Amino acid sequence: MKRKTLVLGILTMVIVAGCSLVSRPSQEPTPGAAGEAVGTGASGLSQEAADIAQARGLGPDDITAALKTYLPTGIHDEYLIFSSGGHSGQLLIIGVPSMRLLKVVGVFTPEPWQGWGYGVGNDVLEQGDVNGHEIRWADTHHPALSEAEGDYDGQYVFINDKANARVAVIDLRDFETKQILKNPVALNDHGGTMVTPNTEYVIEGGQYAAPLGWEYAPIEDYNEEYRGMVTFWKFNRQTGRLEADNSFAIELPPYWQDICDAGKLASEGWVFCNSFNAERATGGVEEGNPPFEAGASQGDTDYMHIINLKKAEETFVAGKTIDVNGFAVIDLQTAVDEGILYLTPEPKSPHGVDITPDGKFLVVSGKLDPHVTVYSFDKIVNTIETGQWDTDDYGVPVLALDDVKEVQVELGLGPLHTQFDDQGYAYTSLFLDSAVARWTLGGDFSDLHPEEPWQLVSKISVHYNIGHLLAAEGDTVSPDGKYLVAMNKWAIDRFANVGPLLPQNFQLIDIDNTGESMQLLYDMPIGIGEPHYAQMIKYDKLSPWEVYPEIGWDPQTQSMSQNAVQPGEEKVVRNGNQVEIFMTAVRSHFTPEHVEIEEGDHVVWHITNIERAYDATHGFSIPGYNINVSIEAGEAVTIEFDADQPGVFSYYCSEFCSALHLEMTGYLMVKPSASSAMLSQ
Ligand code: RUQ
Ligand code: CUA
């Protein structure tokens with residue numbers, strides 16, 4: 001009974017406090033949800049809640065955690081996570097603090113609900129083909145929200161495909177993929193995508209060295225013929241497209257460049273990438289050579305790459321480039337001669353570079369070193385100015401670690417990635433420890449916290465094997481603090497067993513209570529591929545459309561479609577064996593409902609959803625022809641196919657749009673051609 005009273009008291013306290021946790025959008029919760037419960041029925045509800053708490057053995061922390069993530073119906077999340085969908089080739093959108101999955105955006109991979117690859121988006125997917133090979137999966141790693149002055153601006157998000165070195169552009173007005181580009185220089189990437197502070201460029205760093213343009217060269221020629229790269233894709237904010245003609249790559253030594261970050265504020269105009277095979281190990285364990293894992297980690301240090309992007313841009317504009325597969329590349333010698341590229345040692349198989357919010361310090365974690373190494377951008381620039389350095393085998397300047405290092409901070413085992421909050425703390429994922437370390441920044445951040453600078457403050461356990469972490473706007477010039485998500489690779493015992501392939505585990509952590517310990521709030525299983533990185537943006541920075549701006553809108557051009565069909569203009573037009581169908585969709589019918597064509601016709605089918613109501617989406621599917629599209633209010637789509645199967649095909653609306661949704665159907669009648677009619681007799 002005593003415990004019950006305690007729980008009850010805390011429950012009431014946190015219920016009241018909890019109301020201020022989440023900023024509420026304009027609409028009110030539906031009656032009977034939290035608003036009423038707190039005001040009137042508190043004692044009755046709390047008694048029931050206390051019973052539940054007792055039955056489940058929930059302590060005060062559990063109850064607080066539950067309340068911090070609970071959102072009554074109709075209440076929106078304060079933040080959205082844009083997460084890599086891993087192998088699914090998609091982009092996941094998740095609300096915070098509720099951790100509700102809101103959408104899975106089809107990017108590199110067909111997505112049936114959105115019709116992505118089943119009638120629409122095919123052109124975009126084809127842009128990602130490699131030498132004419134259809135690639136319809138992707139290993140997505142790092143989404144990057146577009147930025148203005150180093151802050152997320154909520155307009156676009158980019159994401160890379162590590163497996164095939166591709167980048168994609170998603171427009172956040174309608175959350176649809178607009179462009180996929182295959183990197184012409186490399187077959188795989190990893191250090192993409194990251195953006196420069198005003199999204200002038202989208203960065204795509206390479207990974208496993210190979211001859212540029214994926215030419216052949218024997219592995220014995222590794223040092224001479226194999227190369228790394230980093231690509232700078234020019235982004236045009238007006239058109240919402242990356243412009244290959246205004247983009248360029250830099251040839252790099254074959255050190256296996258890994259993850260990059262763009263300088264900001266103090267370091268704007270520079271880009272930093274770590275690498276993890278300065279040893280230039282070439283593997284071949286079957287021939288008695290050390291395996292890659294040993295060969296690539298035998299040295300004490302690898303190389304951070306320091307790139308002067310301003311100078312690289314000038315060099316590109318001056319035309320001092322070579323051509324690889326039709327793409328401009330600054331070769332390694334030019335990069336050295338023009339003062340574009342510098343290296344500096346970084347300890348023990350590092351993974352990523354993360355720049356502090358003021359742009360003054362760079363944090364690198366060695367996976368096999370219990371420290372993070374903090375570099376001073378000032379010291380880097382000063383050292384470059386002195387001209388005092390050694391060079392590597394390719395003549396690239398190597399700045400001495402002692403000249404550019406600020407400090408090393410011991411955090412724990414297997415440090416990987418670092419993010420920041422608004423209180424002068426950094427957070428680093430510890431893969432081997434399965435923990436997140438909170439530590440203090442120095443420099444101007446020292447004033448923000450009571451502790452000594454550059455010091456481990458606390459740790460929280462996560463479950464298990466954390467890869468990336470993300471804090472709210474935690475890689476921008478103005479992080480929000482509040483929430484952090486641990487992107488755990490392993491889940492082991494956290495969820496019901498669903499067989500040997502387990503979901504990953506996203507764990508939401510409250511980091512708002514600085515001074516006290518971080519609190520684990522919620523476990524979210526991710527059962528659709530292995531996400532790598534994600535970013536968290538304040539929801540009110542986004543302004544997505546509710547319906548497309550005009551009836552007959554083409555999402556690919558974000559303008560009125562030439563093929564828009566207005567009500568009353570529906571028709572079927574034949575021109576030789578080319579048949580063009582102009583159709584409208586509205587609750588609860590398609591016009592026309594009969595389409596009669598001939599086997600062998602080439603069909604171009606335009607459909608406009610003429611609705612103006614929020615959420616009034618119609619689907620359109622034709623059996624046997626692998627067609628299913630989603631047509632949102634105002635949208636105009638065009639589908640093309642060859643009518644190579646005679647018969648009667650009932651097309652129908654595949655989105656439950658109305659009470660008479662089942663009646664939203666029609667018949668496509670494909671008359672057998674004379675020859676197939678003969679055959680069937
Ligand atoms: S990652 S293994 Cu730690 Cu960003 Cu791709
Ligand atoms: Cu339209 Cu169902």
Side-chain angles (χ1 to χ4, degrees), residues 83-87 113 115 138-144 158-163 165 188-194 203-208 256-261 273-277 293 296 349-354 363-367 414-419 428-432 436 465-470 474-475 485-490 504 529-535 583-591 593 607-611 613 615-621 628-633 635 637 650-666:
S83 173
S84 144
H87 312 68
W113 169 53
D139 183 13
T140 54
H141 275 239
H142 308 104
F158 311 92
I159 192 164
N160 74 314
D161 165 25
K162 166 172 164 150
N188 61 79
D189 69 23
H190 187 234
T193 51
M194 292 83 197
I203 302 166
E204 184 189 17
Q207 181 102 93
Y208 307 117
W256 293 7
Q257 289 76 29
D258 190 30
I259 312 182
C260 306
D261 198 3
C273 307
N274 79 293
S275 67
F276 62 91
N277 187 10
E293 72 196 85
S349 297
H351 194 44
V353 182
D354 296 294
V363 181
V364 171
S365 300
K367 299 186 293 265
L416 294 183
H417 302 288
T418 298
Q419 294 249 313
T428 299
S429 52
L430 303 174
F431 179 83
L432 297 174
V436 171
N465 296 5
I466 178 174
H468 276 275
L469 44 61
L470 62 143
D475 64 356
V485 172
M487 303 175 74
N488 303 307
K489 302 294 185 189
W490 287 29
Q504 285 72 233
E530 190 214 60
H532 287 261
Y533 183 48
Q535 292 180 331
M583 173 180 264
T584 57
V586 69
R587 279 162 291 172
S588 303
H589 57 271
F590 293 111
T591 308
E593 293 186 332
I607 312 170
T608 298
N609 178 341
I610 59 173
E611 305 263 3
D615 209 359
T617 294
H618 298 287
F620 177 79
S621 84
N628 181 52
V629 294
S630 168
I631 319 161
E632 287 96 63
E635 182 175 359
V637 302
S650 48
Y651 53 81
Y652 74 101
C653 172
S654 54
E655 187 80 25
F656 204 114
C657 54
S658 63
L660 296 174
H661 151 78
L662 290 179
E663 289 79 355
M664 191 164 173
T665 186

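Since the model is a prediction, treat every value here as computed from it, not as a measurement. Start at 1 and go down the list; that is how both ligands and their atoms are numbered.
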Atoms in ligand 1 flagged as close to His532, the criterion being non-hydrogen separation under 4.0 Å: 1 (S), 2 (S), 5 (Cu)
Is Cys653 close enough to atom 2 (Cu) of ligand 2 that one of its N, O or S atoms comes in under 2.8 Å? yes
Without swapping roles, check the side chain of Gln504 against the backbone of Gly529 for a donor-acceptor pair under 3.5 Å. yes
Looking only at atom types and distance, does a side-chain atom of Ser429 sit under 3.5 Å from a main-chain N or O of Ile466, one as donor and one as acceptor? no
Give the name of the N/O/S atom in Glu655 that lies closest to atom 2 (Cu) of ligand 2. O
Side-chain contact, heavy-atom cut-off 4.5 Å: Glu635 with Thr617? no
Determine yes or no for a side-chain-to-main-chain donor-acceptor pair under 3.5 angstrom, with Ser365 supplying the side chain and Gly414 the backbone. no
Report the C-alpha distance between His190 and Asn188 in whole Å, list the side-chain angles of each, state the deciding distance to 0.1 Å, and finish with yes or no for side chain to side chain donor-acceptor pair (under 3.5 Å). CA-CA 7 Å; His190 187 234; Asn188 61 79; over 6 Å; no
Shortest-distance N, O or S atom of His141 relative to atom 5 (Cu) of ligand 1: ND1
Considering the heavy atoms of Ile259, write down every atom of ligand 1 situated less than 4.0 Å from one of them. 4 (Cu)
Among the N/O/S atoms of His661, atom 2 (Cu) of ligand 2 lies closest to ND1
Given 3.5 Å as the limit, does a donor-acceptor pair link the side chain of Asn274 with the main chain of Pro350, or not? yes
For atom 3 (Cu) of ligand 1, the protein heavy atom that lies nearest, with its residue and separation: His351 NE2, 2.1 Å
Return the name of the atom in His190, of element N, O or S, nearest to atom 5 (Cu) of ligand 1. NE2
Does any N, O or S atom of His142, backbone or side chain, fall under 2.8 Å from atom 4 (Cu) of ligand 1? yes
Decide, counting backbone as well as side-chain atoms, whether His468 has an N, O or S atom less than 2.8 Å from atom 5 (Cu) of ligand 1. no
Kindly say whether Tyr651 contributes a backbone atom to a donor-acceptor pair with the side chain of Thr665 at under 3.5 angstrom? yes
